[in-house]
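Each remark here refers to the structure printed beneath this line.
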Amino acid sequence: MNPYLDQELLALSEQARRFAAARVAPGFLERDKTRVLDRDLMREMGEMGFIAPELPEQVGGLGLGCLAAGVIHEEIARADLSISYINLLASLNGQILAQHGRPEVVGPWLAKLTQGRALLAIALTEPRGGSDAANLRLRVERDGDEYVLNGEKTSISAADQADAAVVFGRTGSVESAAHGVTAVLVPMDLPGISRSRFDCHGQRAIGRGSLFFDNVRVSADHRLGEENKGFVQVMQGFDFSRALIGLQVLAVAQVALEETWDYAAQREAFGKPLTAFQGVSHPLAELATQVEAARLLCLQTLWLKDKHLPHSAQAAMCKWWAPKLAYDVVHQCLLVFGHGGYDRGVMEQRLRDVLGFQIGDGTAQIMKTIIARAKAGRQAVPA
Ligand SMILES: Cc1cc2nc3c(=O)[nH]c(=O)nc-3n(C[C@H](O)[C@H](O)[C@H](O)COP(=O)(O)OP(=O)(O)OC[C@H]3O[C@@H](n4cnc5c(N)ncnc54)[C@H](O)[C@@H]3O)c2cc1C
């Protein structure tokens, strides 16, 4: 029983689990080597209605709630965290486009996004730093009915595989900070764009890299939200992705725990199953408790979002807690497997995959500052 999931959501979750076990899990280890997202698989996910189902039907979604997006997301992540990036990026960018874009411009992109025929990146971080996110340098200058982009975005997930990116840049002066930032939808095949790929520790099928903009001209109707209001308006979408990331990494932790309980129950040492030793079973029991609690927090956050209630502090709680917890869980599970856990394989890949989210989408320190501001007031918690 779960207070946030009714029969319909449980059935959807079961459907996604069967699909992920049959279609996503088999390529998990191989994609880490090839470092390529499987576009056929992405289209299949779109055909199943698994990509951004929370978007309204008129823009290609199914009009289901954010909880529906969450339960699908965790089942895909259970099988391969990198593949579940397709869901994460589509839900984050889909919401931004649907809420802030001109229908005639974003409509075709939203259709392709939900059908699994387009992948969109989100480009905020710059070489000078990501935590101080409003302090952007990439220039976005108006020239007639176009914007001209110059600068670099770095550490962008799917940088070299994305078909378009939501790019945040500076239209105002540097001193204007968050109030001089504008968001623009930029197709990646425009002249003047080049890209690079990093050699990442984990999440290798999705990958990260830099985007370079050299006098890139984008039609002004591709702006998302108002000019100079990109940070304030468009960044609100991140509360959604933070709850989704929580479910994403906890799904990896959950499957690692399930496999570890099974292994520890059948593996013997000193004439007994490993589970007979409290040194093995109690840490797993403690972590299982925390995973259950953290998952409830993530589901509650999505429930609050579906009810249009404030949830920024809860989203930040999901984002700092779940990735740290998931890392601790997979680490502990790996140790229970003994020397076998240290081999290249499923468990060590999971450890590499979940670690990235202790940094990506904002670090634990920044999340705790968001929570502190919500509790004590912004004046009491200056940057
Ligand atoms: C797997 C992964 C995926 C990513 N995907 C994307 C993406 O798709 N798009 C995108 O735009 N970016 C992405 N990023 C970048 C990510 O958002 C940034 O790395 C992150 O915001 C931190 O910025 P930074 O790395 O520049 O660290 P810095 O901002 O330089 O911070 C360095 C350290 O100092 C700490 N710190 C900084 N300021 C404070 C403070 N005020 N108080 C306390 N501690 C502080 C930070 O917590 C951190 O530990 C991704 C990163 C990773 C690892």
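None of the values given here were measured: they were computed from a predicted structure. Indexing begins at 1, ligand by ligand and atom by atom, following the structure's order.
- Where the criterion is an N or O separation shorter than 3.5 Å, residue side chain and backbone included, Arg208 fails it with respect to ligand 1.
- Considering only non-hydrogen protein atoms, atom 19 (O) of ligand 1 sits nearest to Ile359 CG2, 3.5 Å.
- Between Arg350 and Asp353 there is no salt bridge, since no side-chain N of the basic residue sits under 4.0 Å from a carboxylate O of the acidic one.
- In this structure, atom 15 (C) of ligand 1 lies nearest to the protein heavy atom Thr125 OG1, 3.2 Å.
- In Thr363, the part holding a heavy atom less than 4.0 Å from any atom of ligand 1 is the side chain.
- Using a cutoff of 4.0 Å between basic side-chain nitrogens and carboxylate oxygens, Asp163 and Lys112 are not scored as salt-bridged.
- Between Asp361 and Lys319 there is no salt bridge, since no side-chain nitrogen of the basic residue lies less than 4.0 Å from a carboxylate oxygen of the acidic one.
- In summary, Arg137 and Glu126 do not engage in a salt bridge, as defined by a charged side-chain N under 4.0 Å from a carboxylate O.
- Between Asp132 and ligand 1, no pair of N/O atoms sits closer than 3.5 Å.
- Short contacts between ligand 1 and Gln203, defined as distances under 4.0 Å to a heavy atom of the residue, involve ligand atoms 1 (C).
- Listed by number with element, the atoms of ligand 1 under 4.0 angstrom from any heavy atom of Gly129 are 26 (O).
- Here the two rings, on Phe213 and Phe168, have centers that are 6.0 Å apart or farther.
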Would Leu136 and Leu138 satisfy side-chain contact (heavy atoms from CB on, under 4.5 Å), going step by step from the backbone distance to the final call?
-> CA-CA 6 Å; Leu136 299 178; Leu138 182 131; 5.8 Å; no

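- With salt bridges taken as basic N to acidic carboxylate O contacts below 4.0 Å, one links Glu258 and Arg78.
- Side-chain contact of Ser84 with Gln248: a donor-acceptor pair under 3.5 Å is present, judged by distance alone.
- Protein heavy atom closest to atom 40 (C) of ligand 1, with residue, atom name and distance, is Ile366 CD1, 4.2 Å.
- At under 3.5 Å, a nitrogen or oxygen of Ser155, whether backbone or side chain, sits near a nitrogen or oxygen of ligand 1.
- Ranking the protein heavy atoms by distance from atom 8 (O) of ligand 1 puts Ser157 N, 3.0 Å first.
- When the heavy atoms of Lys368, Met367, Gln365, Glu126 are ranked by distance to atom 42 (N) of ligand 1, first place goes to Gln365.
- Within the 4.0 Å heavy-atom cutoff, Tyr85 counts among the residues contacting ligand 1.
- Checking only distances, Leu124 does come within under 3.5 Å of ligand 1, N or O to N or O.
- Taking hydrophobic clusters as Ile, Leu, Val, Met, Phe, Trp and Tyr residues chained together by side-chain heavy-atom distances below 4.5 Å, Trp303 shares a cluster with Phe240.
- Note: an N/O pair closer than 3.5 Å links Ser131 and ligand 1 by distance alone.
- Atoms OG and CG, from Ser196 and Leu211 in turn, are 8.0 Å apart once rounded to the nearest 0.5 Å.
- Every N/O-N/O distance between Ile156 and ligand 1 stays at or above 3.5 Å.
- Between Gly130 and ligand 1, an N or O atom pair is found at a separation short of 3.5 Å.
- Counting only heavy atoms of the protein, atom 9 (N) of ligand 1 lies nearest to Ile122 O, 2.8 Å.
- Side-chain polar atoms of Gln358 and Tyr327 form no donor-acceptor pair below 3.5 angstrom.
- Heavy-atom contacts of Asp361 reach the following atoms of ligand 1: 17 (O) (cutoff under 4.0 Å).
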